[in-house]
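Quick notes on the structure that follows.
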Amino acid sequence: MPGSAEAGGLDALLDRPVLEVAPALLGAVLRHETLDGVVAVRLTEVEAYDGPHDPGSHAYRGRTARNEVMFGPPGRLYVYFTYGMHFCCNVVVGGPGDPAAVLLRAGEVVEGHDLARSRRRGGERDLARGPARLCQALGIDLAHNGADLRSGPLTLTAGEGPRVVSTGPRVGLRRAADRPWRFWAADDPSVSVYRPAAPRPRRRPS
DNA sequence: TGGGCGATTGGCT
DNA sequence: GCCAATCGCCCAC
């Protein structure tokens with residue numbers, strides 16, 4: 001099946017254009033081991049952010065303290081804090097100086113259900129349904145920004161992807177909202193709900 | 001140096 | 001469907 005990758009093939013997987021990497025990450029498993037135990041999530045929804053060419057990317061306006069990790073080597077986790085209360089995480093793609101990344105938007109908990117539930121409110125289906133929920137279920141925060149996903153407490157393992165991959169516009173973006181760079185496993189209940197960006201109120205409706 | 005706004009979520013109408 | 005929570009980032013002044 002096209003796009004499928006074997007476990008351990010992470011480096012080969014990430015060494016491709018981000019628009020190819022993103023759908024290929026569907027089915028991959030992100031696993032986090034802490035003192036509390038282990039939670040692992042099989043990815044069912046991701047979004048591609050194409051560095052300097054993409055007005056929707058954090059890296060569009062160049063290197064800053066926040067997006068530093070995006071400019072580093074691939075295979076690391078880029079974590080950012082948003083809305084004053086949530087964390088979201090990305091897999092860094094592309095070589096140094098090419099700040100592409102794949103936002104991990106949703107997944108299905110495949111290991112550590114009890115621990116994930118203790119970190120989150122809500123039912124099984126909602127445990128990792130949405131980028132901030134996924135981070136919460138896995139216990140990911142800013143302390144994990146820049147973490148190497150090949151070894152250590154956080155690992156990403158390529159896996160078999162879904163039979164059908166759907167594509168559509170990314171969620172919540174005002175800029176470049178038309179680019180269909182969101183990828184998800186068709187008919188998977190753990191995929192998050194699409195919400196277009198809230199339109200900015202007109203300053204002076206004249 | 002100030003202020004608008006965000007790759008969101010959950011609670012309430 | 002609507003909206004508050006909540007604060008760091010970043011651009012404009």
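Every chain is numbered from 1 and lettered A, B, ... according to where its sequence line falls, protein lines coming before strand lines. Only a predicted model underlies this, so the values are computations on that prediction, with no experimental measurement involved.
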Smallest separation among heavy atoms of A/Leu127 and A/Arg120, with atom names = O-CD, 2.8 Å
key: Any residue meeting side-chain hydrogen bond (donor to acceptor under 3.5 Å, both in side chains) with A/Arg125, in chain and number order, not counting sequence neighbours   = none
Spacing of the P atoms in C/dC3 and B/dC5 (rounded, Å) = 16 Å
ask   = Residues from residues 52-81 of chain A sitting under 4.0 Å of DNA chain B, heavy atoms only?
value = A/Gly56, A/His58, A/Tyr80
query = In terms of hydrophobic clusters joined by side-chain contacts under 4.5 Å, are A/Leu14 and A/Leu154 together?
reply = yes
remark   = For A/Leu26 and A/Ala185, the nearest pair of non-hydrogen atoms, with its separation, is CD1-N, 4.1 Å
remark   = In the 5' to 3' direction, the nucleotides of DNA chain C bounding the stretch that comes under 4.0 Å of a heavy atom in chain A are C/dA5 to C/dC11
request  = Measure the distance from CG on A/Asp126 to P on B/dG10 and round it to the nearest whole Å.
outcome  = 8 Å
Protein and nucleotides 11-13 of chain B: nitrogen or oxygen contacts under 3.5 angstrom:
none

note = When rounded to whole Å, the CZ to C1' distance for the pair A/Arg179 and B/dA7 reads 14 Å
task = Indicate, with a heavy-atom threshold strictly under 4.0 Å, whether A/Arg120 touches base, sugar-phosphate, or nothing.
result = sugar-phosphate
note = By nearest-heavy-atom nucleotide on DNA chain C, the more 5' of A/Leu142 and A/Met85 is A/Met85
Close side-chain approach of A/Arg117 and A/Glu124, heavy atoms under 4.5 Å = yes
query = When the distance from CH2 of A/Trp181 to C1' of B/dA7 is rounded to whole Å, what number comes out?
reply = 14 Å
Taking distance alone, no hydrogens or angles, what donor-acceptor pairs closer than 3.5 Å link side-chain atoms of residues 71-95 of chain A to residues at least two apart or in another chain?
from    : atom 1 : to       : atom 2 : distance (Å)
A/Tyr78 : OH     : A/His58  : ND1    : 2.8
A/Asn90 : OD1    : A/Leu103 : N      : 3.4
A/Asn90 : ND2    : A/Tyr78  : O      : 3.3

key: Side-chain hydrophobic cluster, 4.5 Å single linkage: members besides A/Trp184   = A/Val191
query = In whole angstrom, what separates A/Tyr194's OH from B/dT8's P?
reply = 11 Å
ask   = In whole angstroms, how far is the C1' atom of B/dT8 from the CZ atom of A/Arg105?
value = 9 Å
message = Going by the rule side chain to side chain contact (heavy atoms under 4.5 Å, CB included), which residues pair with A/Pro55 if we only count those two or more places apart in sequence or in a different chain?
response = A/Tyr60, A/Arg175, A/Ala176, A/Arg179
note = Taken to the nearest 0.5 Å, the spacing of A/Arg31 CZ from A/Leu149 CG works out to 13.5 Å
remark   = Residues in residues 90-98 of chain A with a heavy atom under 4.0 Å of DNA chain B, by number, are A/Asn90
key: Closest non-hydrogen atom pair between A/Asp11 and A/Arg150, with its separation   = OD1-NE, 2.7 Å
ask   = So, for A/Asp188 and A/Thr44, which heavy atoms are closest and what is the spacing to 0.1 Å?
value = OD2-CG2, 3.5 Å
ask   = Roughly how far, to the nearest 0.5 Å, is the CD1 atom of A/Ile140 from the CG atom of A/Leu30?
value = 5.0 Å
inquiry  = So that I can compare with my own list, what are the stems of DNA chain C, taken as at least three consecutive Watson-Crick or G-U pairs with distances under 3.5 Å?
reply    = B:1-6 with C:7-12, B:8-12 with C:1-5
key: Contacting residues from residues 128-139 of chain A, given that a heavy atom lies under 4.0 angstrom of DNA chain B   = A/Gly130, A/Pro131, A/Ala132, A/Arg133
message = Does A/Leu156 form a side chain to side chain contact (heavy atoms under 4.5 Å, CB included) with A/Leu25? I'd like the steps, not just the answer.
response = CA-CA 9 Å; A/Leu156 180 66; A/Leu25 281 179; 4.0 Å; yes
query = Does A/Arg133 use its side chain to pair, donor to acceptor, with the backbone of A/Arg129 at less than 3.5 Å?
reply = yes
request  = List in chain and number order the residues that pass side chain to side chain contact (heavy atoms under 4.5 Å, CB included) with A/Ser57, two or more places apart in sequence or in another chain; answer none if no residue qualifies.
outcome  = A/Tyr49, A/Asp54, A/Ala59, A/Met70
key: Non-hydrogen atoms of A/Ala48 and A/Arg170 that approach each other most closely   = O-NH1, 2.9 Å
request  = Could you note down all residue pairs passing side-chain hydrogen bond (donor to acceptor under 3.5 Å, both in side chains) where residues 92-105 of chain A supplies at least one of them, sequence neighbours left out?
outcome  = A/Glu45-A/Arg105, A/Arg105-A/Ser192
key: Gap in Å between the two P atoms, one belonging to C/dA4 and one to B/dG4, rounded   = 15 Å
Side-chain donor or acceptor of A/Asn145 paired with backbone N/O of A/Leu142 under 3.5 Å = no
request  = Please report the closest heavy-atom contact between A/Leu43 and A/Leu104, naming both atoms and the distance.
outcome  = CD1-CD2, 3.7 Å
